[in-house]
Protein chains: 2
Amino acid sequence: MDKKQLLLDAALKLFVEYGFHGTPTSLIAKEAGVANGTLFHYFKTKDELVVALYVDIKSRMSGYVFEHAKGQATFKDTIKEQYLASLYWALDNQLQFRFVEQFKNSPYLAQIAPLEIEASLKPFYDMLNKGIKEKIIKPQPVDLLFTLISSQTYGINQYLISNNFPKAKQHQLISDSFEMLWAMIT
Amino acid sequence: MDKKQLLLDAALKLFVEYGFHGTPTSLIAKEAGVANGTLFHYFKTKDELVVALYVDIKSRMSGYVFEHAKGQATFKDTIKEQYLASLYWALDNQLQFRFVEQFKNSPYLAQIAPLEIEASLKPFYDMLNKGIKEKIIKPQPVDLLFTLISSQTYGINQYLISNNFPKAKQHQLISDSFEMLWAMIT
DNA sequence: ACATTTGTTGACTGTTTAGTCAGTCGTTGG
DNA sequence: CCAACGACTGACTAAACAGTCAACAAATGT
């Protein structure tokens, strides 16, 4: 039994349900089935737990997307696979997705160093730059393009979650919306 | 001096800086320059204050967008003016915008009745339906179209805020991104 | 076999918090 | 002029909170 992971799992569930400050550390420990003090053995403060959870989830998500999008033949296919992988991950990990969005829109985000954020974005920026050089996508600033792509991903995901479509319809919508996105940036 | 408004203003500023639960009611009262008890005279609980602030800001924003987008000649112009007005409002009211996003991604959102949300969305849905009937925009579900439009609006706003462009460049980007959006939905 | 480190516990504490309340003050209407 | 009322006050309280700590248990190294 990895008590650290049990704590992270419990924290995730409770943070999404009650919010960061609406969730006492005592409740997290109880939900995880460990003693109160154990939480502070693994995380010096509650803030550190929140940030650690964010970093953990982010790295799992990036890993998944990267793993699924590598080895595509064309530029379009690579972008498309990334889009698809992001959405399928979000659909399969809704708690994680909601936590990340909550975190990103909270003052906690300030605790993530700008350099760290930039580093995690670099692979995507590099790829978009390549697409611009090869005249496949519009010559707009890469951070603008990235913003457009990720906000659409977020939007479609919200839409899929609030309507509980069957798998086939989901797939269709994801595919269609990618073509709309592609039309926008090329 | 309207102390209720002073409290709402103080709460807005502090919530954006420290988060909902990171802001004690005592600090809100102090920042507003009123006594502790006065806060509870106007708002029965802290939660009620948070929700009241959200409703207040939302209605101001809708009012502004509606006011600026009415009386346009064509369907495209109407949509465009709404897009522009939303972005200009967000740029001029960044605290409000950030608060709304924080609220939307928090468990507080559950305290807003679904019927209320639907009612506030209806005018937009009606308009989009009109556009579909007249074969101007793609025959996709209106809630999907709305999601695409609003998530792009959110994304562009994030981009404009994080890069501090001169007014002219801002205007250019907003205009360009609208054309990209229009290309996507027509 | 023992020593040392690492993990784990839960009762405890000092502080902070939302919310209360008894009472003051200024205004309005009879 | 004064009664009634709502706005307003700030000291107060009971509960909840993050974080501590001394003790114990298990694993690891020698």
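Separating the CG atom of B/D2 from the C1' atom of D/dC8 is a distance of 14 Å, rounded to the nearest angstrom. What separates NZ of B/K30 from P of D/dG10 is a distance of 13 Å, to the nearest Å. Rounded to whole Å, the distance from CZ on B/F40 to P on D/dA7 is 17 Å. What separates CG of B/N36 from P of D/dA7 is a distance of 18 Å, to the nearest Å. Protein atom OH of B/Y18 is 17 Å distant from nucleotide atom C1' of C/dT17, rounded to whole Å. Taking atom CZ of A/F43 as the reference point, atom P of D/dT20 lies 15 Å away to the nearest angstrom. Computed from coordinates, the B/L14 CG to C/dA18 C1' distance equals 16 Å when rounded to whole Å. Atom-to-atom, NE2 of B/H21 to P of C/dA18 comes out at 9 Å; the value is rounded to the nearest Å.
The residue among A/K44 and A/G22 whose nearest nucleotide of DNA chain D lies closer to the 5′ end is A/G22.
An OP1 or OP2 oxygen of D/dA7 is reached within less than 4.0 angstrom by no side-chain nitrogen or oxygen of B/Y42. For D/dT9, the OP1/OP2 oxygens have a side-chain nitrogen or oxygen of B/K3 closer than 4.0 Å. Not one side-chain nitrogen or oxygen of A/H41 sits closer than 4.0 Å to the OP1 or OP2 atom of C/dT8.
Out of D/dG10, D/dG19, C/dA18, the shortest distance to the side chain of B/A35 is found at D/dG10.
Ring planes of A/F99 and A/F20: perpendicular class, angle over 60° (limits at 30 and 60°).
Side chain of A/T38 to main chain of A/V34: no donor-acceptor pair is present (N/O by atom type, distance under 3.5 Å, no hydrogens or angles). With hydrogens and angles disregarded, a donor-acceptor distance shorter than 3.5 Å links the side chain of B/N105 to the backbone of B/E101.
Put simply, the side chain of B/L181 does not reach to within 4.5 Å of the side chain of B/I79, judged on heavy atoms.
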